[in-house]
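Report on one structure; see the data block that follows.
Values reported hereafter were calculated over all heavy atoms of this structure, with side chains retained and with hydrogens, waters and symmetry mates removed. Because the structure is a prediction, the values reported are computed rather than measured.
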Amino acid sequence: MALKETPSQTAGPYVHIGCTPNFSGIKGIYPDDLGTRMITGPVRGEKITVTGTVYDGFGQALKDALVEIWQADAEGLFRSPLETRGTADPNFTGWGRSAGDMDTGAFTFETVRPGAVPCADGRMQAPHISFWIVARGINTGLQTRMYFEDEAEANAADPLLSRLEHRDRVKTLIAKADGPGRHRFDIHLQGPQETVFLDI
């Protein structure tokens, strides 16, 4: 006998309690919330700051969004046991988590500018950062990518960006320069500026 499908449930606010206990005021589980520091020592390449806000379909900032990123290091290497192309930067975790600002919704990551990464078939992907977004009402995390606007040639050849049928949507995956070493990447869940999300 098949069970009746249950109504969808909200993912928050418990996601913050479980994923960022210090941020939620629950101390003593971890010295720092996991993912708050991606740089643990002198790193190779350029340090950058990535900021942004997650907006809903009405253009309102989501103040309870939790954002995670993962990426290659400056040489395009991942800190993973599966990395066989070389040794990734030991002072760079490659993974970060930001609970955002409860007043503005802004998320911030202190990270490094990633290098290009090859696909399994050898084609090169433009430097990018992968994002995962969850918030109250988002039951399944949303996946997307952030590319850099000053990588026009690499972006034009990127296998994922090249596959976007509606070319006017490509800009939703391109971060804007926001000062030296600073990049802004806003995420729109719905509406005319809706970010392209990936089915992974």
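- The shortest side-chain heavy-atom distance between Leu198 and Leu160 falls under the 4.5 Å cut-off.
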Output side-chain donor-acceptor pairs under 3.5 Å for residues 172-179, partner residues at least two apart or in another chain, one line each.
{"residue": "Thr172", "atom": "OG1", "partner": "Arg169", "partner atom": "O", "Å": "2.7"}
{"residue": "Thr172", "atom": "OG1", "partner": "Val196", "partner atom": "N", "Å": "3.2"}

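- Closest approach of Pro21 to Cys19, counting heavy atoms only: CD-C, 3.5 Å.
- Considering only heavy atoms from C-beta on, Ile69 stays 4.5 Å or farther from Met146 through its side chain.
- Under the 3.5 Å distance criterion, the side-chain polar atoms of Asn91 are matched with a main-chain donor or acceptor of Pro42.
- Side-chain atoms of Phe197 and Ile133, non-hydrogen and from C-beta on, do get closer than 4.5 Å to each other.
- Glu83 is linked by a side-chain hydrogen bond (donor to acceptor under 3.5 Å, both in side chains) to Arg85, counting only residues two or more places apart in sequence or in another chain.
- Other residues, nucleotides and ligands contribute only 12 or fewer heavy atoms inside 6.0 Å of the CG atom of Asp199.
- When side chains are defined from C-beta on, Ile129 counts as touching Phe148, because their heavy atoms get closer than 4.5 Å.
- In this structure, Phe109 CZ and Phe131 CZ are separated by 6.0 Å, a value rounded to the nearest 0.5 Å.
- Criterion: ILVMFWY side-chain heavy atoms under 4.5 Å apart, direct or through other members. Under it, Val134 and Trp95 are part of a common hydrophobic cluster.
- If you take CD on Gln143 and CD on Glu68, they are separated by 9.5 Å, rounding to the nearest 0.5 Å.
- Legend: residues meeting salt bridge (charged side-chain N to carboxylate O under 4.0 Å, His left out) with Asp186, ordered by chain and number and at least two apart, are Arg184.
- Under the 4.5 Å side-chain heavy-atom criterion for ILVMFWY residues, a single connected hydrophobic cluster contains both Ile200 and Leu164.
- Across every non-hydrogen atom of Arg44 and Ala88, the tightest pair is NH1-C, 3.8 Å.
- For the atom pair Asn22 CG and Asp33 CG, the distance stands at 4.0 Å (nearest 0.5 Å).
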Do Leu77 and Thr87 pass the side chain to side chain contact (heavy atoms under 4.5 Å, CB included) test, and can you show the C-alpha distance, the side-chain angles, and the key distance before you say yes or no? CA-CA 7 Å; Leu77 299 170; Thr87 303; 5.7 Å; no

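- Looking at residues two or more places apart in sequence or on another chain, you find no ring-ring contact (aromatic ring centres under 6.0 Å, His included) involving Phe78.
- Membership of the apolar cluster around Met102 extends to Phe23, as traced through chained side-chain contacts below 4.5 Å between ILVMFWY residues.
- Taking 4.5 Å as the limit, every side-chain heavy atom of Asp89 sits out of range of all side-chain heavy atoms of Glu75.
- Looking at every heavy atom in both residues, Ile48 comes nearest to Val50 through CD1-CG2, 4.0 Å.
- Taking 4.5 Å as the limit, some side-chain heavy atom of Phe92 sits within range of a side-chain heavy atom of Thr111.
- A pairwise comparison of heavy atoms in Gln71 and Pro114 identifies NE2-CB, 3.6 Å as the closest pair.
- Ring geometry for Tyr55 against His188 counts as parallel: the plane angle stays under 30°, on a 0 to 90° scale with 60° as the upper cut.
- Of all non-hydrogen atoms in Thr104 and Lys63, the two that sit nearest each other are C-CG, 4.4 Å.
- Across Phe185 and Phe107, no two heavy atoms sit closer than the pair O-CZ, 3.3 Å.
- Looking only at side-chain heavy atoms (C-beta outward), Cys119 and Gln125 come within less than 4.5 Å of each other.
- Atom NE2 of His16 and atom CD1 of Ile26 lie 12.0 Å apart (nearest 0.5 Å).
- In this structure, Leu189 and Val54 have side chains that are in contact, with non-hydrogen atoms separated by less than 4.5 Å.
- Phe58 and Leu142 fall into different hydrophobic clusters, defined by Ile, Leu, Val, Met, Phe, Trp and Tyr side-chain heavy atoms under 4.5 Å apart, directly or through other members.
- Hydrophobic clustering (side-chain heavy atoms under 4.5 Å, transitive across Ile, Leu, Val, Met, Phe, Trp, Tyr) groups Trp70 together with Leu34.
- Residues in residues 143-163 take part in these salt bridge (Lys or Arg N to Asp or Glu O under 4.0 Å) pairs, two or more places apart or across chains: Arg113-Asp150, Arg113-Glu151.
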